[in-house]
Structure formats: C-alpha cells, structure tokens
K.L.:
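Got a structure for you, questions after.
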2 protein chains.
Amino acid sequence: MTKYEFVANQLADRINNNEFKHTKKIPTEDQLMQEYNVSKNTIRNAIKILTKLGLLYPVQGSGMFIREIKKYDTIFLSGTRGITKDHPGTHIENKCLHIEVIEADEKIAQFMLCEQGTPIYYIERLRIVDEVPYAVEYTYYNKNIIHYLNKEIVESSIYQYIKEDLKLTFGFADKYISARKLTERESELLKLQKDDPAIIIEDNVYLANGTLFNSSQITYNYQLAHFFMTAE
Amino acid sequence: MTKYEFVANQLADRINNNEFKHTKKIPTEDQLMQEYNVSKNTIRNAIKILTKLGLLYPVQGSGMFIREIKKYDTIFLSGTRGITKDHPGTHIENKCLHIEVIEADEKIAQFMLCEQGTPIYYIERLRIVDEVPYAVEYTYYNKNIIHYLNKEIVESSIYQYIKEDLKLTFGFADKYISARKLTERESELLKLQKDDPAIIIEDNVYLANGTLFNSSQITYNYQLAHFFMTAE
DNA sequence: TAGTGGTCTAGACCACTTT
DNA sequence: AAGTGGTCTAGACCACTAG
C-alpha cells in the first residue's frame, strides 16, 4: 500500500468515526502533512481518492468539507466493483443459468476487441439479493485471458477469482447505461411483468495493461436497483 | 487557464487530429516535459484530465495509450454539463411547460438542503432534440442563489446564464440513476405509450463553495437517451 | 538493461475565503 | 492580514514493461 492510500484509509476511518462532526471539515493540508509526516503531494493524492468517493469536497481558501450524502441502498457506479461491495450485510446468491465456450463470430469479435475465432466463455447468471431476483447478467469472457471458469466459480465471485487466483489487475471500465422493456424470459426470472421497464448497464472491463477481458450486459430489476455517482 | 489545462487541451487536439495514429501512444512524460517546458507534475495533471474523459489509459512501464471508444450519440455522465455539449450539430429546443416561485415545504427543504420557507423556482421543461421530444425535466432552483429566472432564460441555456451572467462556478454533482414507468402526461409529451420504460436521472448540482443550488429529476426518452461513463 | 509511468519530497508562489 | 487550498518546479527513487 502506498502512503497516500494509507492516509486516505486513515482519513476515511476518522470521517466514519465522526471525529470531525463539530467542524464538518478535516484538518488542513499543513496539519495533515505534519500529522502523517508526508509531503503536500501525498496528502493531495489521498484527498483526491476521498473526493472521488464523494466523502469530501474542497473549497479553495476555506477547507476540505465532509459531505453528507444519502446513498442508501444504491450501487456506486464509479468503480469496477460490482453489487457485492455495495450491499454489505445482505445475502447474495449467483445462480448460473448457462455456461459454454464459443468461438467469437464477427459481431462478438468486434465488441470483445479480439480476433474472430477467439475462444470465449458465454455465461448467463441470475443475481439474487436477499432471496429476491435482482438482475439477469449476460457476460462474455475472453478465454485467452480467463483460461478456466466453471459453475462453482461463476456462482461465487468471479472477480475475486480473477484477482486472487489468476493475479490479474483491473484497470478501468466503460459503462453504457440505458433502459428498455423486459423480455418475457427476463420478466419470469425477475418476477416482473413482460414489458416492464429494465435498466441496462453494459460493462466493458479492461485489465491494467489495457486489454478487454469482459463484456457484460446486466438487466436490473427496476424496482430494486438504483445507481449513484458523483461528477465534477 | 492553468498550464496543465493548456497542455491537456493541446494533447486532446493532437489526439483528435490523429497525430499519434501510428504509435497509438502519446509521447512519454519526459518528452512532454521538454516539449511544453513544464514539470512532471504539470504533465501528470494534464494527463489525468484526459484519462477521466476516457481518451487515454496509462500502462506503467509502457506508455500512455490512446483509447478508441464508441460513444456515438451518448450523454457523458461524468460531467456537470448537460445534453448540449454531447450533441454537437443537433438542434436543441427547450420548451418551458411551467415556471413558478414556491416556498420550500418540509419535503423540498430536505432535498434542497435549505430552510423551510426558502423561495424556490420550480420549473418544468420539455427538451427536444432535432424536433424529437427527448426528456421531461422537473427542476428546483434555490432563489436565494439564482435570484431571477424567466421563460426566455429557461428556454435557452440556464447553465450558461448561471455561469456567464451570474458568474457562479460549479463544483460537483450527485447523480442517482433509476428506471420507472412513464406517467400518462410524460408519455404524451414524449410521444410514447403510458407505462413505457423511462430512464430517470436525479441530478443535484453544487457550487464550488459546496452549496446546493439545483435539484432536477429528468425523465428521458428510453428510445433515444443512452449514457456513457468510464470508471477506475 | 534501458525505457517509462508511479510515488514522494521540499519548497515557492498564487487564488480565494475569512476575520 | 492571516489562513487555506491550488499550481508549479526540480529532483530522487521505485515499479513495471519490453527488448
């Protein structure tokens, strides 16, 4: 862990412990430099992390103020993490509906940014939060990068498997957000009506070296799923 | 304009002009430091801007690679700008459906983060892109901050008015994204069917000093509106 | 092993807010 | 005028990639 990550974690803890509830501000940059014995740049890097998470906002000439945002039960969009981290204390089940290896045709090759004929895992999952169907997920993984997947991995955490077992590091993700009507099959799986609204997130996830390894289309239950982000 | 903003603009232009199409990389940090005669930090700040816009991704030890993303006809979510900037070359019309000044009741005071009784502009607009109804927008402005609004301003660009005439600077924005069914009135305005899907963005915009001045709920035409963002 | 991005420091000065 | 965040510099060293 870098110094600025350490400082960011410390500050996040201190904010969550309400240490600054009187002032609604964190200490000044100079004070933090002294407290943690680091340079200004390191403090600023730490603070940038917290700002992106929506915990703070800076006011030039005045201080770094703590935010009070109501993000109850929402999924945080500005991260490569999934539902899991945003629903602490809930029971999440991933039901594997379908898993197969296919060869990329022209269309798949195009959005997977790979050659035609590349082996691809195609997976369908139903994600269930606290016994209620939450989302239907259609995912393509490049098998040249994720060499092996099975039902067990797919039903637990694929991300953890990729990170901890395969030792791959995530870089960034593109997200396309839209809405459409549910298909009949989706409505049955989500226990909603056909033609009910669905919020769709297409998620293209890249490794740190810039290669795309995963493209998902996730169909969320519109009565349950709400998303949150903060922009500058 | 700061030096790093200048460098970021220059680089964005050079990328758009395909200057780096052979290498698919921009010059190294050291090269850019020399070219623009600035320090490493300045280059890094510039590059961070381009990374957030999704134009670049960094690979440690290798270079800064140019991205090729298909964001045709989408609205970029990671910004406080609206539709306007994302639809160059299109004709945008804002039809004012309703404008009135009200006093904040308990509920409004809560989400506008103001005292009860604060004067508030409540505005309804229909946004039309290239003659097609695009979104229905319900907006609250704190009248203690935005002292005056009228139909003309509301039908042109409110943001430009706030920025250039009132000389206020935007800070950050929270966005909540969800889906629901259209109301009957919305379906008529958007020329869709009642109970058709709608993608909803609730947008809370803050000034640089951290005060909330604007809360909108925007109901987008699901057949036209698609959103894009990039996350780390 | 050389090239390239990432972290970190120390210090100067500027822009804005608050008193 | 004093306090506080924002920009900028010069330089050292680390982490990772690629030939």
Side-chain angles (χ1 to χ4, degrees), chain A residues 1-11 20 23-52 55-67 145 163 167-172 206-211 232, chain B residues 1-11 20 23-52 55-67 145 163 167-172 206-211 232:
Chain A
M1 172 156 12
T2 59
K3 283 194 188 184
Y4 68 85
E5 285 171 328
F6 175 79
V7 173
N9 287 341
Q10 292 283 311
L11 284 174
F20 311 115
T23 56
K24 293 181 176 173
K25 285 197 221 184
I26 63 170
T28 66
E29 292 185 348
D30 283 345
Q31 282 174 315
L32 292 171
M33 284 164 66
Q34 288 184 16
E35 280 187 44
Y36 293 103
N37 223 307
V38 295
S39 72
K40 177 159 181 156
N41 228 321
T42 301
I43 295 298
R44 289 184 66 78
N45 279 335
I47 280 169
K48 200 158 290 162
I49 291 174
L50 303 180
T51 304
K52 275 208 290 195
L55 272 84
L56 287 180
Y57 64 89
V59 179
Q60 187 173 7
S62 182
M64 313 285 321
F65 293 81
I66 294 163
R67 302 198 53 191
I145 300 170
K163 195 174 171 188
K167 313 270 186 215
L168 298 173
T169 46
F170 301 125
F172 50 94
Y206 299 78
L207 297 177
N209 67 11
T211 52
E232 279 168 80
Chain B
M1 172 156 13
T2 59
K3 284 193 188 182
Y4 68 85
E5 284 170 329
F6 175 79
V7 174
N9 288 342
Q10 292 283 312
L11 284 174
F20 311 116
T23 55
K24 292 181 177 174
K25 287 196 220 184
I26 62 170
T28 67
E29 291 185 347
D30 283 344
Q31 282 173 314
L32 292 172
M33 284 165 66
Q34 288 184 14
E35 280 188 45
Y36 292 103
N37 223 306
V38 295
S39 72
K40 176 158 181 158
N41 227 322
T42 301
I43 295 298
R44 289 184 67 76
N45 280 335
I47 280 169
K48 200 158 292 161
I49 290 174
L50 303 180
T51 304
K52 276 208 291 196
L55 270 81
L56 287 180
Y57 63 90
V59 179
Q60 189 174 5
S62 181
M64 314 283 323
F65 293 82
I66 294 165
R67 302 196 53 192
I145 300 169
K163 196 175 172 188
K167 314 268 186 216
L168 298 173
T169 47
F170 302 124
F172 49 94
Y206 298 78
L207 297 177
N209 66 11
T211 52
E232 281 167 77

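In what follows, every chain begins at residue 1, and chains take the letters A, B, ... in the order their sequences are listed.
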K.L.:
Start at the 5' end of DNA chain C and walk down; is the nucleotide closest to M1(A) or to G61(A) reached first?
P.N.:
M1(A)
K.L.:
Between dG5(C), dG5(D), dC8(D), which one does the side chain of Q60(A) approach most closely?
P.N.:
dG5(D)
K.L.:
Nearest whole Å is fine: how far is dG6(D) P from N209(B) CG?
P.N.:
14 Å
K.L.:
Just N and O in the side chain of S62(A): are any of them under 4.0 Å from OP1 or OP2 of dT18(C)?
P.N.:
yes
K.L.:
Pick base, sugar-phosphate or nothing for K3(B), based on heavy-atom distances below 4.0 Å to the nucleic acid.
P.N.:
sugar-phosphate
K.L.:
From the list dT7(C), dG6(D), dA10(D), which nucleotide is the closest neighbour of the side chain of T2(A)?
P.N.:
dT7(C)
K.L.:
In whole Å, I'd like the distance from the CG atom of L168(A) to the C1' atom of dC16(D).
P.N.:
15 Å
K.L.:
May I have the distance from Q34(B) (atom CD) to dT4(C) (atom C1'), rounded to whole angstrom?
P.N.:
14 Å
K.L.:
What's the closest nucleotide to the E29(A) side chain, out of dA12(D), dG6(D), dT17(D)?
P.N.:
dG6(D)
K.L.:
Just checking, is any N or O donor in the side chain of D30(A) or T28(A) under 3.5 Å from an acceptor N or O on the other one?
P.N.:
no
K.L.:
Where do P27(A) and F20(A) come nearest, in terms of heavy atoms and distance?
P.N.:
CD-CE2, 3.6 Å
K.L.:
Give the rounded distance in Å between these two atoms: NZ of K25(B) and C1' of dT17(D).
P.N.:
9 Å
K.L.:
Report the C-alpha separation of M1(B) and N9(B) in whole Å, then their side-chain angles, then the decisive distance to 0.1 Å, and conclude whether the side-chain contact (heavy atoms from CB on, under 4.5 Å) test is met.
P.N.:
CA-CA 10 Å; M1(B) 172 156 13; N9(B) 288 342; 3.3 Å; yes
K.L.:
Above 12 or not: heavy atoms from other molecules or residues under 6.0 Å from CD of Q34(B)?
P.N.:
no
K.L.:
Return the nearest nucleotide to the side chain of K40(B); candidates are dT7(C), dC8(C), dT7(D).
P.N.:
dT7(C)
K.L.:
Quick one: R44(A) CZ to dG5(D) C1', roughly how many Å, whole number?
P.N.:
6 Å
K.L.:
Check the distance between dG3(C)'s P and M33(B)'s CE and give it to me in whole angstrom.
P.N.:
16 Å
K.L.:
Can you tell me the distance, in whole Å, between the CD1 atom of I43(A) and the C1' atom of dT7(D)?
P.N.:
17 Å
K.L.:
What's the closest nucleotide to the side chain of T28(A) if the choices are dC8(D), dT4(D), dG5(C)?
P.N.:
dT4(D)
K.L.:
Distance check needed: dT7(D) C1' versus N41(B) CG, whole Å only.
P.N.:
9 Å
K.L.:
Mind running side-chain hydrogen bond (donor to acceptor under 3.5 Å, both in side chains) on T211(A) and N209(A) for me, showing each step along the way?
P.N.:
CA-CA 6 Å; T211(A) 52; N209(A) 67 11; 2.8 Å; yes
K.L.:
Report the base-pairing partner of dG11(C) (Watson-Crick or G-U wobble, both distances below 3.5 angstrom), or none.
P.N.:
dC8(D)
K.L.:
It should be established whether T42(B) places a side-chain nitrogen or oxygen under 4.0 Å from OP1 or OP2 of nucleotide dT9(D).
P.N.:
yes
K.L.:
For V59(B) and for V59(A), find the nucleotide of DNA chain D with the closest heavy atom, then tell me which residue's nucleotide is more 5'.
P.N.:
V59(A)
